[in-house]
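Side chains are part of it too, since the values below use all heavy atoms of this structure and drop only hydrogens, waters and symmetry mates. Residues take their numbers from the sequence shown, with the count starting at 1.
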Amino acid sequence: MAAAPPRPADWPWLLSLAALVSLRPAEGRLGVATMLTPSSLGPFIGSNEKVLVDFVDQTDPNFAQLSGEMDAAARKIRDLGCKVPFVKVDARQDWALAEKYVPQLKFPQLLWFVHGQPTKYHYAMRKEKDIVDFVLALDRDPIETVQSEEDIHKYDRAIYAQMPKSSPHFKTLEVVAAQHMDTVAVLHREASGENVTFMSERQGEQSMGYDGEFTASSLERWIRNRLTKSEPIPRSPDMYGGSLIAVGHTLEEMVLQPSTPPAERKDVFLMVYASWCGYSRKFMPVWEEFAIRAAKVPHLSVIKMDGSLNGSPLKDQGFRWEAYPKVLFLRAGDSTPVAFEGDRSVKHLAAFANEHGSKVFDLESEVDQSRLDRALRMEDEAEL
């Protein structure tokens, strides 16, 4: 069914694309959700502090109805005094751009942008009220200004930044804080210097200062790891002699390898288990044998992690689990894993890695039985 023609009252807001791109940011916030081309999206989100982008598929038979809900939400949000602009982009005009922002390619999908950067806040519900509630929840300052350190103690955990608000790093902090509006309070106090600290009064957590590079990606990764449940970092990731060991605070580095040059990154096979799980115990000897056989494959890392004792800082990228064991494979250079659901045997693990990996390999024909026995024995001892 064709969409109804615009009412005369709507015509003033149906601006041409050329006029829209040339508008000042304040003017671009007026009207209902406006359709942009992929090439005009970057300049638009870059010139507005906050933007709600609706990635759509105009070939969807329900597009007109869904678009109507979006437009109604845009009008309602204006009536409530919110000036965040609503825009739409047809994903089919640029699949590469769409996949960059919506990796699962499920449309329509709302995405919240701050200072030209995408946040983790995606939303798929399409009713007017749901969209309005979503926007009102996020249209607030991501950073709270405090007057003294006493104000911090009303939170059991917080990111506490002491720096001038005029510092260029403050905008970086805003971008990162906008990613954590539902996970941790980000507090700021005007002060000389540039100091960021993770403050926690929770049992088992320690306050810690940030000493990394002040970029959005590095700061975001540090905060995400601080918020992740984790066992202590092992003395050596291969201390048991079989597969490498990851914990919550090392998982991102070990699987995504952000500190490794792209050309040197490896494929990753990750098994998430629980020591109390009978299926995990049954699978562990097979996993360790595969790890030992694959030890000489230079482009493959075989890793295990106790998911009952460690959380995932990468849930939004597909590293999540509800049952054990969970086996995930990540090709070098990718950011979203593929789940292994085949027969839990060394043969099928190798075949899966060859099918989805960056290179083909052959396993060692003979396994080092003494090394396998030692790995399994140490695994059992670690659970005691």
Is there a path of hydrophobic side-chain contacts, each under 4.5 Å between heavy atoms, that joins [X] and [Y]?
X	Y	result
L187	V184	no
V84	V132	yes
M208	L227	yes
V102	W95	yes
L363	L300	yes

List the steps and the verdict of side chain to side chain contact (heavy atoms under 4.5 Å, CB included) for W112 and D139.
CA-CA 10 Å; W112 186 260; D139 186 29; 4.2 Å; yes
Separation between [atom1] of [X] and [atom2] of [Y], rounded to the nearest 0.5 Å:
X	Y	atom1	atom2	value
H188	L173	NE2	CG	8.0 Å
W222	H249	CH2	NE2	10.5 Å
E144	D151	CD	CG	7.5 Å
R75	L80	CZ	CG	13.5 Å
S243	F269	OG	CZ	12.0 Å
M271	M305	CE	CE	11.5 Å

Can you list every pair that meets salt bridge (charged side-chain N to carboxylate O under 4.0 Å, His left out) and has a residue in residues 193-202, with sequence neighbours left out?
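Pairs touching residues 193-202 that pass the test: D156-R202.
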I want to check something: taking the side chain as every heavy atom from C-beta on, are [X] and [Y] in contact at a cut-off of under 4.5 Å?
X	Y	value
F214	V196	yes
V146	Y160	yes
T215	T172	no
M35	V87	no
L66	D54	no
L110	M70	yes
I77	L136	yes
D306	S275	yes

Test side chain to side chain contact (heavy atoms under 4.5 Å, CB included) on M199 and Y155; report intermediate values, then the result.
CA-CA 9 Å; M199 309 286 288; Y155 300 97; over 6 Å; no
Minimum-distance pair of heavy atoms, taken over all atoms of [X] and [Y]:
X	Y	answer
A98	L105	C-CD2, 4.3 Å
F170	P164	CB-O, 4.1 Å
A339	F352	O-CZ, 3.5 Å

I'd like to check the side chain to side chain donor-acceptor pair (under 3.5 Å) partners of [X]; sequence neighbours left out, ordered by chain and number.
X	answer
N195	T197
K129	D133
S192	none
D90	none

For a side chain to side chain contact (heavy atoms under 4.5 Å, CB included) check, start with the C-alpha distance between C82 and V135, then their side-chain angles and the critical distance, and finish with the verdict.
CA-CA 9 Å; C82 175; V135 172; 4.0 Å; yes
Any ion pair linking K76 and E128 (charged N to carboxylate O, less than 4.0 Å)?
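Salt bridge between E128 and K76, a charged N being under 4.0 Å from a carboxylate O: no.
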Under 3.5 Å donor-acceptor, [X] side chain and [Y] backbone:
X	Y	result
Q206	S200	no
R224	P313	yes
R157	A185	no
K229	S308	yes
R189	M163	no
Q257	V255	yes
S40	T37	yes
E231	N310	no
D57	T59	yes
D267	S358	yes

Is the CG atom of D211 crowded by more than 12 outside heavy atoms at less than 6.0 Å?
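Counting other residues, nucleotides and ligands, CG of D211 stays at 12 neighbours or fewer.
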Count the heavy atoms belonging to other residues, nucleotides or ligands that lie under 6.0 Å from CD of Q65, then report whether that count exceeds 12.
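Not buried by this count: 12 neighbours or fewer within 6.0 Å.
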Residues forming a side-chain contact (heavy atoms from CB on, under 4.5 Å) with E253, sequence neighbours excluded
P258, S259
Checking E264 now: which residues fulfil side-chain contact (heavy atoms from CB on, under 4.5 Å) with it, not counting sequence neighbours?
T260, P261
Among all residues two or more places apart in sequence or in another chain, which pass the ring-ring contact (aromatic ring centres under 6.0 Å, His included) test with [X]?
X	value
F319	none
H115	none
F198	none

Among side-chain atoms of T228 and S230, is any donor-acceptor pair under 3.5 angstrom?
no
With no hydrogens and no angle check, just 3.5 Å: does a side-chain donor-acceptor pair link S148 and E150?
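Judged by distance alone, the side chains do pair up.
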Listing, residues 328-338 side-chain donor-acceptor contacts under 3.5 Å, not counting sequence neighbours, or none:
unit_1: R331; atom_1: NH1; unit_2: G357; atom_2: O; d: 2.6

Would D71 and K88 count as a salt bridge (Lys or Arg N to Asp or Glu O under 4.0 Å) here? Give the steps.
CA-CA 10 Å; D71 291 342; K88 305 171 194 173; 3.3 Å; yes
Fellow cluster residues of V247, listed by chain then number, with links counted only when side-chain atoms sit under 4.5 Å apart
I233
Worked check of side chain to side chain contact (heavy atoms under 4.5 Å, CB included) between D60 and F107:
CA-CA 9 Å; D60 185 338; F107 307 105; over 6 Å; no
Measuring centre to centre across the rings, with the benzene-like ring taken for any Trp, is F283 within less than 6.0 Å of Y273?
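No, too far apart.
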Determine, for Y210 and R226, whether the Lys NZ or Arg CZ falls below 6.0 Å from the six-membered ring centre while staying within 45 degrees of the axis.
no
